[in-house]
There are 2 protein chains.
Amino acid sequence: MEIATTTLPPSVNGGTGPHSYAQNSYYQRGALEAAQEIIKREIAEKLDINQLFSGSSTSFCIADFGCATGPNTFLAVQAILEAVKLKCQSSEGLNSDHVPEFHVFFNDLASNDFNTLFLSLPPKRQYLAAAVPGSFHGILFPKASLHFAFSSCSLNWLSKVPIEVTDKTSPAWNSGMIHYTNKEVFEAYSSQFAQDMESFLHARAQELVGGGLVALIVPGHRDAIPLSQTTIKMEFELLASCLMDMAKTVENDCCL
Amino acid sequence: MEIATTTLPPSVNGGTGPHSYAQNSYYQRGALEAAQEIIKREIAEKLDINQLFSGSSTSFCIADFGCATGPNTFLAVQAILEAVKLKCQSSEGLNSDHVPEFHVFFNDLASNDFNTLFLSLPPKRQYLAAAVPGSFHGILFPKASLHFAFSSCSLNWLSKVPIEVTDKTSPAWNSGMIHYTNKEVFEAYSSQFAQDMESFLHARAQELVGGGLVALIVPGHRDAIPLSQTTIKMEFELLASCLMDMAKTVENDCCL
């Protein structure tokens with residue numbers, strides 16, 4: 001469950017200033033908006049309300065793994081909540097007025113700016129809110145306690161840089177590069193991603209109740225589609241633009 | 001459930017600097033240490049483990065209402081957890097190895113410094129941790145979901161200044177005073193305390209499972225004991241000392 005501090009990925013920029021995640025997450029919001037209809041449809045089709053409430057529980061627990069500081073997480077939670085409400089109201093065997101209490105858990109690393117998240121919680125929300133600090137590659141909830149696990153644009157952040165990439169004697173050594181230059185590096189990162197996905201899913205499998213759902217939004221692209229036709233091209237261009245700006249700043253400083 | 005922002009009491013000083021609550025809460029720690037043995041004894045005597053686990057739940061939920069930023073809350077939680085573990089291991093009808101998963105919720109106002117709390121969580125803790133932002137005078141948890149509600153040195157902070165005290169036309173008007181000078185002021189604060197306790201207990205009554213326990217540490221003193229024989233005397237002396245220091249600072253500044 002524990003990951004050494006030195007290998008933890010950095011958290012997103014906190015606060016609400018011009019460089020904060022809260023002010024610079026339109027791209028992630030776009031991914032969420034694109035997926036919202038699919039999530040709503042899947043909840044309508046696949047969520048078995050009667051099975052979920054066959055025990056003594058009367059509350060419905062939603063968790064957003066890798067929530068950052070907002071505001072995207074609040075939009076996602078609201079969409080999930082509305083879809084579950086609709087499903088409850090249209091389910092046979094349940095009183096049409098029956099809407100469960102919603103308990104929403106916002107998860108991110110302990111270094112995430114939860115202070116900003118808490119202060120920007122929607123004041124008229126329809127749910128009880130809580131936060132869970134820690135890596136989503138480990139257990140964060142009691143067994144069979146979650147009804148809906150969600151994660152958007154978070155699983156692409158690996159738990160650590162693969163050891164081989166930082167090993168000078170390895171063919172996957174990638175010093176001085178900002179992207180991969182050979183298949184060994186590619187394979188090292190792929191392998192790390194596979195390990196991370198496995199640990200994430202293994203933890204969620206224990207935390208979810210029978211009949212619970214998982215919805216994941218993970219940036220990626222299909223095989224055989226050229227990079228130039230994917231959003232990754234845009235990300236590389238953005239990164240290149242930042243590096244050019246940094247280079248110009250250094251150049252100007254040198255000329256002073 | 002909602003309390004207007006303007007009437008909310010201030011949160012404790014965040015961070016871990018010299019003026020932080022984390023560095024200035026030895027007095028509150030003393031109160032906790034004095035109460036620990038009573039809490040342990042009451043858990044041993046009164047907690048009905050078999051009743052608590054008669055449903056499908058296998059986890060034991062503890063909440064600290066008004067936790068501040070630590071480290072006192074971690075000591076309290078550990079003491080409660082150890083006492084519950086002991087009770088489980090000695091209970092008939094349960095496997096002696098049976099120890100539930102502990103789910104601990106740290107509650108305080110949304111303006112509390114939860115970032116400091118999360119970063120100082122004990123690394124080798126025996127529980128899953130979560131935080132709940134919001135006033136403990138309202139509902140914060142789903143119905144019948146908590147097993148142990150705890151609060152230490154928090155309920156003495158009122159939800160607001162009583163309206164009468166700020167009303168110039170009221171006999172309880174107390175402008176310019178740092179303590180009460182007549183019985184109307186005393187009664188206004190007493191009445192506010194009674195209302196706050198009622199709303200606190202009303203919320204917990206809904207959140208607790210049948211057979212759950214509540215432990216509260218509230219500073220106070222017995223009737224007929226002179227103030228000079230209570231800790232309140234110490235607090236007044238501390239406050240007076242601070243005011244004297246402030247007055248000296250102003251005096252020195254004027255002489256410059």
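Bear in mind that the values here come from a model prediction, so they are computed numbers and not experimental data. So that the names make sense, note that chain A is the first sequence line, chain B the second, and so on, each numbered from 1.
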Spacing of CG belonging to A:Leu109 relative to CZ belonging to B:Phe118, to within rounding of 0.5 Å: 12.0 Å
More than 12 heavy atoms from other groups under 6.0 Å of CG on B:Leu201: yes
Contact leader toward chain B among A:Ala129, A:Ser145, A:Gly134, where contacts are heavy-atom pairs under 4.5 Å: A:Ala129
Atom CD of A:Gln126: over 12 foreign heavy atoms under 6.0 Å: yes
Partner chain B: residue of A:Ser59, A:Pro133, A:Ala110, A:Ala130 with the largest heavy-atom pair count (under 4.5 Å): A:Pro133
Chain B contact via A:Leu117 - which portion, at a heavy-atom distance below 4.5 Å: neither
B:Phe114 side, atom CZ; A:Leu119 side, atom CG - distance, nearest 0.5 Å: 10.0 Å
Residue B:Leu86 excluded, over 12 heavy atoms near CG under 6.0 Å: yes
Chain B contact via A:Asn107 - side chain, backbone, both or neither, heavy atoms under 4.5 Å: neither
Backbone of B:Asn115 reached by a side-chain donor or acceptor of A:Asn115 within 3.5 Å: yes
Over all atoms of both residues, closest heavy-atom pair of B:Pro142 and A:Glu101: CA-OE1, 3.4 Å
Which atoms of A:Phe106 approach chain B - backbone, side chain, both or neither, heavy atom under 4.5 Å: neither
Neighbour count above 12 (heavy atom, 6.0 Å) for A:Glu198 CD: no
